[in-house]
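To keep things clear, I will list the structure first and then write my remarks on it.
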Amino acid sequence: MPVFDSLNFDDHEGVHFFSDDASGLKTIIAVHDTTRGPAAGGTRLWTYDNPQAAIDDALNLSRAMSYKNAMADIPFGGGKGVIMRPSGDFDRKALFESYGKAIESLGGVYCTAEDVGVSTADMEVVRTQTAYVAGLDTGTAASGDPSPVTAEGVFRGLHVAAKNALGQSDLKNVRVAVQGLGHVGYSLCEKLRRAGAKLWVADINEQAVLKAEQELGAVIVSTNEIYAQDVDIFAPCALGGAINSNSIDQLKAKIIGGAANNQLATADMGAALRERGILFCPDYVLNGGGIINVAAELSGRYNPSWVDEKLNGLCQTLNDIFKTAEQENLPTSIVADRMARQRIQTAAL
Ligand code: NAD
C-alpha cells in the first residue's frame with residue numbers, strides 16, 4: 001500500500017526509507033512536523049510482520065511525537081525512527097553505524113534517542129556517525145537513558161490524576177496495576193511503592209515480575225488478567241493498543257495512566273473510557289519526561305532544573321486537559337489532540 005494511502009498518514013513532511021544489505025538495515029524515519037523545530041523522537045528496533053506494519057508504526061509514532069513535544073513545550077517537532085529487526089543473528093554495531101549514517105544524511109531534520117529495543121550503547125554507536133543523537137552515557141551534556149525521567153513524569157502526572165479522579169493528593173494505598181516492567185515500568189513501580197501504593201504487575205518476562213514481587217511486594221498477575229484487576233489505576237507500560245475493544249470492558253480502574261505510546265487502539269476508545277467514567281491520561285502528555293530529558297541534552301548544556309520545571313509544566317498541562325474535558329464534556333484524548341494542534345499552529349505564526 002502506498003504511504004499516502006495509509007490511515008496513519010497525516011500529511012507527514014517526509015518519510016525516509018533506508019536499506020543497507022551489508023548491515024541488514026531496513027529503516028523508516030518519519031518526520032511528521034518541524035514547525036516547532038527539528039523533529040525529535042526515539043528509535044524503535046522491533047520485529048515487524050511486514051514492511052507496511054513498520055511504515056504504519058513510524059507514521060503513527062512520529063505524529064504522536066509532534067503532539068508530545070508540543071505538550072512538553074520543547075522546541076522540537078515530531079519524528080520517529082523504526083528499524084525492522086533483521087531475522088537471525090546480526091551485527092548490532094554495523095546495524096547502528098549504518099543507521100547513524102542514515103540520520104546524518106538527513107542533515108539535522110531528525111534527532112534521535114532510545115526507544116523500545118534500543119540501548120544507550122546503541123546510541124553511542126549512532127554517535128560515531130552523527131551528532132543528531134541524544135540519550136548518551138558520555139559527552140558534555142550526556143543525560144543517559146531517558147526512561148527514569150519518563151517514569152518520574154508518569155509518577156507526577158498520576159498524582160494529578162489521583163487528585164482529579166480519586167480526590168486524593170498522594171498515592172498512599174492507591175492500588176495500581178502495571179502492565180510491562182521494562183525500563184520505565186519498573187522504575188515507575190519503585191516510585192509508586194515508595195509513595196505507599198500497592199502494586200499488581202504483569203510482564204511476559206518472568207524475571208521482571210519475580211523481581212517486582214521480591215523487591216516491591218507486588219502481586220504477580222498473568223498478562224491476560226492484568227486489565228481486570230480491582231485497582232484504582234491501570235498503568236500501560238508495555239506496547240501500544242492496551243485499551244481496545246477486548247480490554248475496555250474488563251477494566252475496573254478509575255484512571256488509565258502509563259508510559260506506553262499510543263495506548264488507545266482506536267480513536268473511539270477515548271470516548272468509550274469517558275462513558276465508563278474512567279479518566280484517561282493522554283499518553284503523549286504523561287510520558288513526555290523522556291523527551292524533555294533528551295531535549296535538555298540536545299540543547300548542548302544539560303540543566304536538571306530546566307528538566308524539573310518542564311516536568312511540572314506537564315502536570316499543569318494534564319490538569320488543564322482534565323478541567324477542559326470536564327467543562328466541555330469531551331474525552332481527554334480529544335481535548336489533548338486539540339491543544340497539541342493549537343500549540344503547533346501557534347508556533348507557525
Ligand atoms: P521496554 O522494552 O524496556 O519495556 C517494555 C516491557 O513490556 C518489557 O519488560 C516487556 O517484556 C513487556 N511486555 C511486552 N509485551 C507485554 C505484554 N503483552 N504484557 C505485559 N508486558 C509486556 O520499554 P520501555 O522503555 O520501558 O517503554 C515502555 C513503553 O513506554 C513503550 O511503549 C515506549 O514506547 C513508551 N515510552 C518509553 C519512553 C522511555 O523513556 N523509555 C518514553 C516515552 C514512551
Side-chain angles (χ1 to χ4, degrees), residues 40-47 57-58 60-65 67-69 71-72 74 76 78 80-83 85 112-120 122-123 134-136 143-155 157 177-191 200-212 218 220-229 234-244 246-247 250 256-265 281-297 307 311 314:
T43 295
R44 181 168 289 192
L45 174 67
W46 195 246
T47 303
D57 213 22
N60 204 11
L61 290 165
S62 59
R63 184 184 53 80
M65 284 312 302
Y67 288 13
K68 186 186 298 195
N69 294 346
M71 294 307 245
I74 55 174
F76 288 95
K80 195 86 181 180
V82 157
I83 301 176
R85 192 183 180 90
T112 200
E114 303 87 345
D115 188 37
V116 177
V118 175
S119 67
T120 51
D122 297 325
M123 289 298 114
L136 299 164
S143 65
D145 177 9
S147 307
V149 186
T150 303
E152 176 64 21
V154 174
F155 178 65
V178 181
Q179 179 189 44
L181 300 179
H183 290 88
V184 184
Y186 201 88
S187 174
L188 175 65
C189 284
E190 290 175 324
K191 290 172 189 292
W200 281 256
V201 296
D203 197 300
I204 50 175
N205 175 353
E206 202 184 332
Q207 294 307 317
V209 286
L210 287 174
K211 189 167 174 239
I220 300 175
V221 180
S222 79
T223 52
N224 288 334
E225 289 170 349
I226 191 73
Y227 305 99
Q229 297 308 304
F234 173 57
C237 295
L239 293 181
I243 310 300
N244 53 52
N246 274 332
S247 62
Q250 300 176 43
I256 309 292
N261 286 311
N262 299 336
Q263 289 168 25
L264 305 182
C281 303
D283 40 35
Y284 59 77
V285 181
L286 199 65
N287 69 15
I291 197 70
I292 287 172
N293 211 46
V294 163
E297 181 172 341
V307 171
L311 287 179
L314 276 189

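Position 1 is the first residue of the sequence, and the numbers go up from there. These values consider heavy atoms only, across backbone and side chains, with no hydrogens, waters or symmetry-generated copies. Atoms within each ligand, like the ligands themselves, are counted from 1 in listed order.
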Contacts under 3.5 angstrom, residues 281-291 side chains, donor-acceptor by atom type, not counting sequence neighbours:
from	atom 1	to	atom 2	distance (Å)
Asp283	OD2	Asn262	N	3.1
Asp283	OD2	Gln263	N	2.6
Tyr284	OH	Ala336	O	3.3
Tyr284	OH	Asp337	N	2.9
Tyr284	OH	Asp337	OD1	2.6
Asn287	OD1	Lys68	NZ	3.0
Asn287	ND2	Ala259	O	2.7
Asn287	ND2	Asn261	OD1	2.9
Asn287	ND2	Asp283	O	3.3

*With heavy atoms of Ala202 as the reference, note each atom of ligand 1 found under 4.0 Å away.*
20 (C), 21 (N)

*Under 3.5 Å between some N or O of ligand 1 and some N or O of Gly240?*
no

*How many angstroms lie between atom CG of Leu61 and atom CZ of Arg44, to the nearest 0.5 angstrom?*
5.0 Å

*Any idea which of Ala259, Ala238, Gly42 brings a heavy atom closest to atom 16 (C) of ligand 1?*
Ala238

*Does any N or O atom in Arg44 lie less than 3.5 angstrom from one in ligand 1, N or O only?*
yes

*asked:* If you take the nearest heavy atom of each of Ile291, Thr150, Leu181, which one is closest to atom 38 (C) of ligand 1?
replied: Thr150

*Considering only heavy atoms, does Thr223 approach ligand 1 within less than 4.0 Å through its side chain, its backbone, both, or neither?*
side chain

*Which residue supplies the protein heavy atom nearest to atom 3 (O) of ligand 1, what is that atom called, and how far is it?*
His183 ND1, 2.6 Å

*asked:* Students should be able to answer this: which protein heavy-atom is nearest to atom 12 (C) of ligand 1, and at what distance?
replied: Asp203 OD2, 3.2 Å

*Distance from Glu152 atom CD to Leu188 atom CG, nearest 0.5 Å?*
10.0 Å

*Would you mind checking which non-hydrogen protein atom is closest to atom 4 (O) of ligand 1, with the distance to 0.1 Å?*
Gly182 CA, 3.2 Å

*Which is closest to atom 28 (C) of ligand 1 by heavy-atom distance: Gly41, Ala242, Ser187, Cys237?*
Cys237

_Non-hydrogen atoms of Leu314 and Met71 that approach each other most closely_ = CD2-O, 3.9 Å

*Is the shortest heavy-atom distance from the side chain of Leu311 to the side chain of Val149 under 4.5 Å?*
yes

*Looking only at distance, does Lys68 have an N or O less than 3.5 Å from an N or O of ligand 1?*
no

_Shortest protein contact, atom 37 (C) of ligand 1 (heavy atom only)_ = Val184 CG2, 3.9 Å

*Please report the closest heavy-atom contact between Ala202 and Thr223, naming both atoms and the distance.*
CB-CA, 4.0 Å

*Quick one: pull up CG in Asn69 and CD1 in Ile74 and give me the separation to the nearest 0.5 Å.*
4.0 Å

*Do side-chain atoms of Asp122 reach the backbone of Ser119 as a donor and acceptor pair under 3.5 angstrom?*
yes

*Taking Ser247 for the side chain and Ala242 for the main chain, is one N or O donor matched with an acceptor at less than 3.5 Å?*
yes

*Which heavy atom of Gly257 sits nearest a heavy atom of Pro236, and at what distance?*
C-CD, 4.0 Å

*Heavy-atom pair of closest approach, residues Ser147 and Val184*: CB-CG2, 3.9 Å

_Taking 4.0 angstrom as the limit and counting only heavy atoms of Ala260, give me the atoms of ligand 1 inside it, by number and element._
29 (C), 30 (O), 32 (O), 35 (C)

*Check whether any N or O atom of Val116, backbone or side chain, sits under 3.5 Å from an N or O atom of ligand 1, and answer yes or no.*
no

*Answer side chain, backbone, both or neither: which part of Lys80 comes under 4.0 Å from ligand 1, heavy atoms only.*
neither

_Distance under 4.0 Å to a non-hydrogen atom of Ser147: what atoms of ligand 1 satisfy this?_
39 (C), 40 (O), 41 (N)

*Any N or O on Gln179 sitting closer than 3.5 Å to an N or O of ligand 1?*
no

_Minimum distance, heavy atoms only, to atom 14 (C) of ligand 1: which one of Ile204, Asp283, Asn293 is it?_
Ile204

*Residue Asp115 vicinity, atoms of ligand 1 by number, heavy atom under 4.0 Å*: 33 (C), 34 (O)

_For a 4.5 angstrom cut-off between non-hydrogen side-chain atoms, does Leu181 reach Lys211?_
no

